[in-house]
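Accompanying notes for the structure given below.
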Amino acid sequence: MSGTSLDGVDALLVDFAAEQPRIRAACHTPYPPELRAELLELSHASHPELHRLAQLDVMLGELYAAGVRRLLDEAGAAAADIRAIGSHGQTVRHHPHGPHPYTLQLGDPNIIAERTGITTVADFRRRDIAAGGQGAPLVPAFHAALFRHPDHARVILNLGGIANITVLPHQAQVPVTGFDTGPGNALLDGWSARHCGTPYDAAGRWAGGGTSSPRLLQRLLDEPYFALPPPKSTGRELFNLAWLDARLDGTETPQDVQATLLELTAASVARAVAEYAAGAREVLACGGGVYNSALMARLAVLLGPRALLSTAELGVDPQAVEAMAFAWLARETLAGRPGNLPAVTGAAHPVMLGGIYRGRL
Ligand SMILES: Nc1ncnc2c1ncn2[C@@H]1O[C@H](COP(=O)(O)OP(=O)(O)O)[C@@H](O)[C@H]1O
Ligand SMILES: [Mg+2]
């Protein structure tokens, strides 16, 4: 327990077996002065970002709960029929490196469990980070459960804001690997929002009408992240428009930049597959980037002679794979099974992911 006086940590070993609680041991750890000063500073109301963060956490929790209720309405299902909700939350920071690695997802699971009455599993990533991992990607275990082929190696390519691959060897005893390859749609979306006012470049048509610049592409590919060996994960902290702006020389037309960004996603994915999944015979793509046909066409060329398919061709809606993965991870957690793959995240060992927020009693 740490109280408002900010004096430190009271640790207590209590035995409740008898009528009167019995203290078996007590241990007080005072806060180091620098930590106390920082905590005091942060507790002042003058930190608007912290207030915004806390409020967004609540607002997202309400929105997720409303989304679940609408879903149940549409499915004609009752809350009592649902074993659990797996809620990934919205990532606002991902810093898996340095002396105090962390990742932060918003969307208060207390609110989801309270509003829906359904047990909610959330905060999947932080236990993996606590075990020394990147906290990402977490979808590979699900990819393995769903898509492993008994006779040949496969790659699952998730084209979200960030792109990640899962390498599925056909031999069950060979560990599954995977990592974030770099930008997926995030830069394409950002650039198209800035120049066309659209949230994304539909079917990659705008990019498709431009010409990729080899010089700019090289400058973008010089980013050290691409050459880092896995385990590795990344996010908007690195791949954002400020990162791109710093690499433009001002002579490129916006449309050619978009074409180059498309090439960047395709080239970085192809490089990752060539380096870490050379033996794979097919690449199954999922995530919203599957609907960017210009991107898929470039990927098909660069990944060749491997076949590039959408998971739709295996009967799984590509836009649903990630959400399905977190429903599956929630199931694993409730069953007491680990959900991370140490060979993917770099964690010291498998861990059960997420906190469990019980529904109605
Ligand atoms: N018709 C389309 N044309 C091009 N891109 C699309 C299309 N539909 C979806 N997308 C892309 O997919 C993204 C959403 O993909 P999603 O898998 O949900 O990403 P995330 O997991 O990062 O939320 C959009 O931001 C957009 O870039
Ligand atoms: Mg999405």
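Note that ligands are numbered from 1 as they come in the structure, with each ligand's atoms numbered from 1 the same way.
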Among C286, G235, G288, A163, whose heavy atom sits nearest atom 14 (C) of ligand 1? G288

Protein contact to [atom] [nearest heavy atom, distance to 0.1 Å]:
atom: atom 21 (O) of ligand 1; value: E322 OE1, 3.0 Å
atom: atom 22 (O) of ligand 1; value: G161 N, 2.7 Å
atom: atom 27 (O) of ligand 1; value: D189 OD1, 2.6 Å
atom: atom 3 (N) of ligand 1; value: A203 N, 2.7 Å
atom: atom 1 (N) of ligand 1; value: Y291 CB, 3.5 Å

Salt-bridged, E62 to R115, with N to O below 4.0 Å?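 Between R115 and E62 there is a salt bridge, with a charged N closer than 4.0 Å to a carboxylate O.
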
Can you tell whether the side chains of D222 and R247 come within less than 4.0 Å, N to carboxylate O?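 Salt bridge flag = no for R247 with D222.
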
Sequence neighbours excluded, the answer for side chain to side chain donor-acceptor pair (under 3.5 Å) partners of Y31 is S2

If the cut-off is 4.0 Å to any non-hydrogen atom of [X], which atoms of ligand 1 fall inside it?
X: G287; result: 17 (O)
X: Q319; result: 15 (O), 16 (P), 17 (O), 18 (O)
X: G289; result: 12 (O)
X: D201; result: 3 (N), 4 (C)

State whether the shortest distance between N or O atoms of G204 and N or O atoms of ligand 1 falls below 3.5 angstrom.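 Among all N and O atoms of G204, none is under 3.5 Å from an N or O of ligand 1.
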
Result of checking T260, L261, T265, L220 against L187 for side chain to side chain contact (heavy atoms under 4.5 Å, CB included): L261

Plane angle bin for F226 and F239 - parallel if under 30°, tilted between 30 and 60°, otherwise perpendicular: tilted

Classify the ring geometry of F179 against Y276: parallel below 30°, tilted from 30° to 60°, perpendicular beyond 60°. perpendicular

Verify whether the ring centers belonging to Y200 and Y291 lie closer than 6.0 Å. no

